[in-house]
Amino acid sequence: MPGYQQTYEMQRAALHAPQQHPGHYDQIAVTPLSGALGARVEGVDLSDLDEAGFAEIERALVDHLVLTFPDQDLEPAAQVAFARRFGPLMDYPFAKTMAEHPEVTELISEPDDVFNFGGSWHSDSPNFDRPPKITMTYCAVAPETGGDTSFANQYLAWETLSDGMRRLLEPMTAMHSTALSYGTDSAVGQTAFKAQTSTPTGIGGNARHDDEFEHPVARTHPDTGRKALYVCDSYAARFAGMTQEESLPLLRYLWAHAILPEFTCRVHWQAGTLTMWDNRCAMHYAHNDYPGQRRVMRRIIVEGEKPV
Ligand SMILES: [Fe+2]
């Protein structure tokens, strides 16, 4: 029976130029992780960093979207001090924070956990009016094997859509829902989920079950001026002005497109690794492949601007 001809998914090659041609840095050594995004940064102590070194890290983050720093020795207070250099820190009302350091959320996986934290492709907290621009996670305890985090470049996700699809999506906005991600009907809201994870999530602080925030489907990065696809299945409930049923077919296409392997890199953690990423142009996914092992991460989010 004749069907439609399958076409190549990749209409155009995905090119993120800084991965092939990293900038010049005096203080830091930058090694790209893949053709799409991400860089390992060495030769720097994040607890003892002058202004010039900090400026180089800011520039490298704009270029590579994800930076991973192995072999750091950061107590929570030192991590907080480093994070503050990027801007005001945000409260995270959806998980328990450290008693002595309310800016830090401790993400713990115990050996008998079945579910993990962040085990879906997402950008952090689009269910805020001004979602965090940067997330910074420090690994205190790493599993012997597994527990990597994957990242996906959402500039490339946007730029590789067809002209027609980009014209369609350009004026559109989507509704990002707290209930979808953390509500009683959500995956993480189920009793069985909460009973089998050491980092349960829920709706606390000033967040409300029926919070919804409208953001552009393609947001423009304030530093680069480039557009990045900004919808993820953890939070985007529907397009504004449309029903969920009308929205889902196209959302599902975008969710699948956004995480093509050509757009990704993978970060391996060891105790002492700090990784930071730009939520405005990258999504991430915490691999849940280390049953029987322990993993402890300390996470901080830095306030961002209203997406435009
Ligand atoms: Fe996350």
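Just so you know, ligand 1 is whichever comes first in the structure, and atom 1 is the first atom listed for that ligand. Values in this document were obtained by computation on a predicted structure and should not be read as measured data.
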* Asked: Is the CG atom of D148 crowded by more than 12 outside heavy atoms at less than 6.0 Å?
  -> yes
* To do: Check the surroundings of atom CG in N206: do more than 12 heavy atoms from other residues, nucleotides or ligands lie under 6.0 Å from it?
  => no
Nearest to the Fe ion (ligand 1), which N, O or S atom of [X] do we find?
X    : result
H284 : NE2
H122 : NE2
D124 : OD1

* Interatomic distance, D45 atom CG to L74 atom CG [nearest 0.5 angstrom] -> 7.5 Å
* Are H176 and Y230 close enough that their ring centres sit under 6.0 Å apart? -> yes
